Every structure is written in C-alpha cells, then in structure tokens.
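Here the structure is laid out as structure tokens; the discussion comes afterwards.
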Amino acid sequence: MGNLQIKKSAKKYDAVIVGSGAGGGMAAYVLANAGLKVCVLEAGPMFDPAKDSNQLRPPWESPRRGASTKFRPFGDFDGCYWGWDIDGEPYTHVGDTKWEWWRARMLGGRTNHWGRISLRFGPKDFKRKSIDGLGDDWPIGYEDIKPYYDKIDKMLGVFGTNEGLENDPDGFFLPPPKPRLHELFIKKAATGIGIPVIPSRLSILTKKINEERGACFFCAQCGRSCKVYGDFSASSCLVIPAMKSGNIDLVTNAMAREVLTNKEGVATGVSYVNKDDLQEYQVEGRVVILAASACESARLLLNSKSPRFPNGLANNNGVVGKYLHDSTGADMGGIIPELFDRKRYNEDGVGGMHVYTPWWLDNKKLDFPRGYHIEYGGGFGQPVYGFQWGIENLNGTYKVKGKQKEAGGYGASLKEDYRYFFGSHVGMAGRGEAIAFESNYCEIDPNVVDKYGIPVLRFNVKPSEYEIKQAKHMKETFAEILHAMGAVITWGGDDGPENNYGLHAPGNIIHEAGSVRMGSDPKRSVLNSWNQAHDVKNVFCVDGGAFTSQADKNITWTILALSMRASEHIVDELKKNNL
Amino acid sequence: MDRRKSLKVLGIGAVTTGVLIDACKTDTKPAPVAPAAAADGINRMPEEKEHEEELKNMKAFFTADEMATITILADIIIPKDDVSGSASDAKVPEFIGQIVKEMTEHQTPLRGGLRWLDMQCLNRYEKAFKDCTQQQQIEMVDMIAYPKKAKPEMAQGVAFFNLMRDLTATGFYSTEIGWKDVDYQGNTPNQWNGVPDDVLKQYGYAYTEKELKECVSFDKA
C-alpha cells in the first residue's frame, strides 16, 4: 500500500449530508436552495435517469432476458444498483434470526426504482400507543407534518383522489389513470364483499407540472427510472435540479466511515473512504445530516465512537439500532378463467397499480393490532425471463379453446396455450404495520468488517404474533377477493402456521425504519421532534431511521415530508447561528 | 445554466489539502473504468460491466453434441406454426447455452437430463437421441412430456422436460418473434385511456361517473 493518509477538505460546508435518496435528496434540495453550502456524500456512482435509465429496452437486449442478478435483484433493467448483497459489504445475524437488508448504491438511492406509492400517514398513525397501548406515540402529530405533505404533493406530483377518509388524508392530487380490466374485476369483487378499492396514490405525473419534467407516457416501467422525469426519484427531482443552485458539491463513490466530533461533543464533519482511489477523506460541516438509510445511519452513529461517546454518537442511552422494523408482507396470486383468450391491446398503464385498498377494518374486532393496505397486479405483463413458467400446472386444468388437453405437452398445441393464458393472471400483496419493539435491533458485529475496514451490522429481528396474525388475515382476505372475482389461486394459497402464513422475512419489504427513532423522552429515543439528536445538537437523521412507528403506508412520502420539515428548521437555526 | 457545468463531482485535489507524495506508487488504485457504455447498450455499473465481460469470455458449458440435442428438443417444444417461427428461429438454443453460464443451477439438471435421455434412447433405439429418427424422437418425448400420465419410471425425464419446456418458452417469448406471437402490444409510449369500449362491454363493465370525472383522459385520435 502506498502512503495512506487522511485528506482533509479545505472547504467548510454548512452541511454535510450522507446519502442522496429521499431523505438526503430533500435535505440537499432545501438547504442548497436556501443558499447554504452543502456537501453530499453518496456511496454509489452518479445516476441520471435521463441518460442512465433502461426504460423501453426490450428483453432480447439483455443476455439474461431481463432476469435478475445480484447486481439487480429486481431484474436486469431495474433502476437500482445493488440490493440484497453487495460484494465486500457483508452483514450478519444473531442466531437464526432474519433481516433481509436492501442497499442501493447510486445517486438517488432506491428512489430510482421504488414503487412510487405515496401515502400520507394519517392522524392515528402518529398516536398508536394512545390507541392500542403498543409501541410509542410520535412526538409530533399529523397537523405538524400536514403542511409539508401539502408542499411535496404540489412540488413533486402525486396522483390520487380525495376520498375524505379519516386516516388516509386527502391531498393535492393529479388525476389518476382509469382502472385496467383486471382492476375492474378486483374492484367489483372486493367492494361486493365490503373491501374498499380506490384509485391508487402514486408519485407519477399523469399531467405535466413544470418545464423540467415530462408527463408519464404509460410504459409501466417506473421501476427502471424515468428518462423524462415523469415520476419521482430523488436523483431526477431533487439532487440534480438542486445542483443548479451551484451550492452542492456531490461526492460520489464516497462510503462514510464515521461522524467526526470535537472535544466539546459537537459534530465537525464526516470521514469517508473514496471507493475510486481508496484514500481516506474528511469533510467538515456546521451540521451533519444522516440519510444513508435507516440501518446505515444507525451503523454510522454506532461506529462513531470517541472518548466522549464510547457507545457511539447520539447513543448515550443505547437506543440507536433498536426498534428496527419493516412493513409486514404476504402475497397471493391466481388466474381469472374469464380472461382466457383476451382481446389484445396495450394496457401497460403507469408503473404500478391503478387502484388499491387502504386499511378498512376496526382492530377492536380483530385479534391483531394495526392494519395493512392491499396492492394489486396483473394483466398483460411484458414477456421477459420467467414468462408463464410451469405451464404444465395450468394447461391440463382448464380447457383451451373448448378442448381438454393433457398437462404439459409441446408443439403447436403448446404455443396455442401460451397465447390462450396470456394476460389472465392476477396478484395481490398486503403491506402492513409491524410493531416497533425494543428487542428488534441492529448492532455492530464485534468481529466482522467490510472491505473498507468498517465494522458491519449484525441484526436481531423476529416477527411477533401480531405480525403473523396479520399475515393470516391477509391470506384469508386475498382468498375471499380472488374467490369473489371468479379467480383460481395458483400461488401463495397453501401457507399456514408452519411458515407464519407466508409472512415475508423482516426487511424483505424494503421499508426499514425505526433504528434512529424520534421521541419526546430523551431516555428512550435518539432524535427530538426536529430529527435532531438529543445528545448532539448539530447531528440530524432524516431517513426512515427517524420513524417512531411505520403505519400501514409506504414510508417514502413521510420521509420526504419529515426531511423537508427538518431541513427548513436547520436553515432557520443555521441562519440564527443556533447550530 | 449548463447542467453538466453544475455537476461538480469532486475529484482528488479539488478540495484536498493533503499531499500524497507517492500516491502514484500505490498499488491499491483500482484500474480505470471504461467510460463507454456496455456493448449491449444497457446501462450498467462498473461491477456489472466486469461481470458481463467475464460471462462473454467464459467458455461454452455444453458440448457440440449437447447443443445439437438441445436444438432438436427446443424445436419440438416450439416448432414453426401458422403464427410464428421456431425456437431456433428465435435463437433459443444459443440463449440456453448462454443462460446456464450464469444460472449454474440449471447446469446439472440439463446435462444429466440430456444424458438420461440419451441412455433411454440407446437402450430403446441403440442410438443417442439426436441420431434417432424423428418418429423415435417424438415417441421418446411423448413418454416424458405429459407429467400426469407419464409412467413413474419416467419421472426424471419428466422433470428434465419440464425444465426444457420452461427454458425454451422463456427464451422464445422474450424475443421479438415471441412478443409478436403472443401479440404483446406494450413497451411503447402511449396515452392510457382506459379499457377499450368493446372490451368493457364484452365483460359487462362500465366506468362509473366518478371514475370518468376524476380520472385522466385523453382525446381519442
């Protein structure tokens, strides 16, 4: 090795932001546009959907026809670099516990490929302990965050409808797309058995909202990121536009190692390893804003040890890493015989469902706390790797064009079957709220480091009976809806107590939250209501780590709203020299 | 403002005060990454580009004889018909030869299945599958192509043929020929105006007044 030494930045920034996803991107946007000098550290490379998206590329351009790799677990064209496993960056588990940890490494992070499901938390979601006695109330309420939801609705764009639902608040919506055919089947069947189905709420521009971004052209490929910026990504809609201010220095391939502090116990900046030259750097800032993802931000704090902070930064009470939780998830799918041999037309639509089911039941009448929403899929999906895999389970069971065939087969008759069944599949996925328990946590593994020598996380998360009962309820509901629509279950129908009713392993839904939580009690939380560390006033965390609880809603819109709120507060405090 | 100018990606030296006297001697510096796009045109990060290169340079897994058998089987599974071409027209055998380099879980089931098939044919017809007559080949395939009626002693052959069917179909329908065959009409910019009227009528659906009022609609051309 050559002469390794630490290179210190000559420039002192107003803020150093670690991470460029929803939380970090929003913080960079607010601070830079307020005239503050910002350094953004991103652990992955530059990514601009306008030129880097794989949108509209057909599967035959991929040697694996769009199948996934470890680099792109959601498929070869997906808009996210890395996922469950990153070369040289391991993580470990206590005993046989499971936590599936998704890590994006690129400008904009996982927002380049996310589902764009943009749900506000409702008034009840901030006060769950007051309702059911479990977990903790947030130190803020819906009224505190509502103005920020309103602002991001208008600034970033989201389609949906105002339904006047108590815990699924109205917003400023663009018009939603009309339901697809299988969604009409779902809507009729579900509403017929008392389950509401309403237009989904996705941050996709069904109408143009400004000159910088184009409108959706209905290719269903938001997951690849959008070349015309027709959907929300932190890259296209926050960091890249904010760089026009001239106030942002973006350092890509910068893997943060530690938050630096001085003798007074104040953060002074961040140290990082540059993955291109493998040299060590330090960058100074008046405030440090963590937005590296819930678990990476916890890891950074835990790894930032000093004589003054022997347990890691902002961790005098030992709470960092605890209360880690993910959305619950369980799925089921089937076929709709009525849709065999369908007339063909382009029904790609937007990149996601056009309708969904918000939580609709009263937990007082159920054997589990908290709820879930239902996401729907189906129709003429693009034929890629895996197309109609296992047709022998289908083509002997149903008559094809009036003729009973033997399962399996080959030849012209088989080709007829593939055409016949195309577009008749339907799927549903429940995504719900898990309770944040102190006993579910990530910590530093005392024995393992990654390839940069940074100690890695060890996870200890177990689902509770609450989540398992919720999954059981999801499965029963899905079976009822599928039955009511005349569909036949083809997968996810035979789960039981032996596999927690198909409940996904924690982490699998990729809504990590709670590990750097906010709270009004400094003994039992890491951050105050401004996403500011109780112990270190110039350290903030604006990713999912800050969440006191998760709600039965995808967390991105709330990360954005909280980050905007915290960032405006930081601007005020910096201007008043309070930080 | 020119966006490229504003994209200030920090380089060494631009903001550093530390001077690395012998930095150029360091052996930890990674090789520079080729700035050109991947040959297949797909956006890839540097680690992926390296992986794609490795795959490209990897020697073939299947022997020429194995590839010949795979080609015959693939064309039995997806032959040319009134609608579209055959598996080999869509280069499915090449796809199978390629995909097993990465999806190594398919290697042994395919290699072993091919050998199982040849041994069956050798015992029955005194020839490897590819050297049998077309009639013998079909006779053999009929014994393993129908999972529910196949004899129990054919179970390994059934498992092999199921995998061949899946790989052949996936390789075929993920090509332009395959898309046209199943008449997939998407993957193109358009304006979603809802389910066509005749289709709504066919299934007895109609958009509600609420939907028509609140949903986005576009003038029909």
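Predicted model, so just to flag it, every value in this text is computed and none were measured. Proteins come first, then strands; the chains are lettered A, B, ... in the order of their sequence lines, and each starts at number 1.
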Using a cut-off of under 4.5 Å for heavy-atom pairs, which of [options] has the most such pairs with chain A?
{"options": "B:Gln98, B:Gln191, B:Lys148, B:Glu102", "value": "B:Glu102"}
{"options": "B:Trp179, B:Phe172, B:Phe95", "value": "B:Trp179"}
{"options": "B:Tyr146, B:Tyr207, B:Trp192", "value": "B:Trp192"}
{"options": "B:Asn187, B:Asp198, B:Val195, B:Asp75", "value": "B:Asn187"}
{"options": "B:Ile78, B:Leu163, B:Leu55", "value": "B:Ile78"}

I'd like to know whether the aromatic ring centres of A:Phe380 and B:Tyr184 sit less than 6.0 Å apart in this structure. no

Between A:Phe218 and B:Phe218, does the ring centroid distance fall short of 6.0 Å? yes

Please look at [X] and chain B and tell me whether the side chain, the backbone, both or neither of the residue comes under 4.5 angstrom of a heavy atom of that chain.
{"X": "A:Leu339", "value": "both"}
{"X": "A:Lys405", "value": "neither"}
{"X": "A:Thr161", "value": "side chain"}
{"X": "A:Arg342", "value": "both"}
{"X": "A:Gln221", "value": "side chain"}
{"X": "A:Asp348", "value": "side chain"}
{"X": "A:Ser413", "value": "neither"}
{"X": "A:Pro176", "value": "both"}
{"X": "A:Phe159", "value": "neither"}
{"X": "A:Asp52", "value": "both"}

Taking the side chain as C-beta and beyond, is there a heavy-atom pair between A:Lys187 and B:Glu211 under 4.5 Å? yes

Report yes if the side chains of A:Phe421 and B:Val182 come closer than 4.5 Å at any heavy-atom pair, otherwise no. no

Minimum heavy-atom separation for [X] to [Y], with atom names?
{"X": "B:Pro79", "Y": "A:Gly411", "value": "CD-CA, 3.4 Å"}
{"X": "A:Pro59", "Y": "B:Ser174", "value": "CG-O, 3.5 Å"}
{"X": "B:Cys215", "Y": "A:Pro177", "value": "SG-O, 3.9 Å"}

Distance col, row A:Tyr410:OH vs B:Thr168:OG1, nearest 0.5 angstrom, shows 14.0 Å

Taking atom CD of B:Gln202 and atom CG of A:Leu181, what is their separation to the nearest 0.5 Å? 8.5 Å

Count the heavy atoms belonging to other residues, nucleotides or ligands that lie under 6.0 Å from NZ of B:Lys91, then report whether that count exceeds 12. no

Salt bridge check, [Y] against [X]: does any charged N sit closer than 4.0 Å to a carboxylate O?
{"X": "B:Arg44", "Y": "A:Asp76", "value": "yes"}
{"X": "B:Asp81", "Y": "A:Arg419", "value": "yes"}
{"X": "A:Lys70", "Y": "B:Glu48", "value": "no"}
{"X": "A:Glu406", "Y": "B:Lys149", "value": "no"}

Quick check: does any side chain N or O of B:Thr170 sit under 3.5 Å from a backbone N or O of A:Phe387, one acting as donor and the other as acceptor? yes

B:Gly194 backbone acceptor or donor facing A:Arg180 side chain under 3.5 Å: no

Test side-chain contact (heavy atoms from CB on, under 4.5 Å) on B:Leu167 and A:Tyr385; report intermediate values, then the result. CA-CA 9 Å; B:Leu167 283 171; A:Tyr385 186 88; 3.9 Å; yes

Taking side chain as everything from C-beta outward and backbone as N, CA, C, O, which of these in [X] sits under 4.5 Å from a heavy atom of chain A? Side chain, backbone, both or neither.
{"X": "B:Glu47", "value": "both"}
{"X": "B:Glu94", "value": "neither"}
{"X": "B:Lys210", "value": "side chain"}
{"X": "B:Ile99", "value": "side chain"}

Results of side-chain hydrogen bond (donor to acceptor under 3.5 Å, both in side chains) for B:Thr69 - residues two or more places apart only: none

Evaluate the criterion ring-ring contact (aromatic ring centres under 6.0 Å, His included) for residue pair A:Phe185 and B:Tyr205; output intermediate values, then yes/no. CA-CA 9 Å; A:Phe185 274 73; B:Tyr205 284 96; 5.0 Å; yes

Donor-acceptor pair between B:Asn43 and A:Tyr81 side chains, under 3.5 angstrom: yes

Indicate whether the side chain of B:Ser84 and that of A:Lys415 have a donor and an acceptor atom separated by less than 3.5 Å. yes

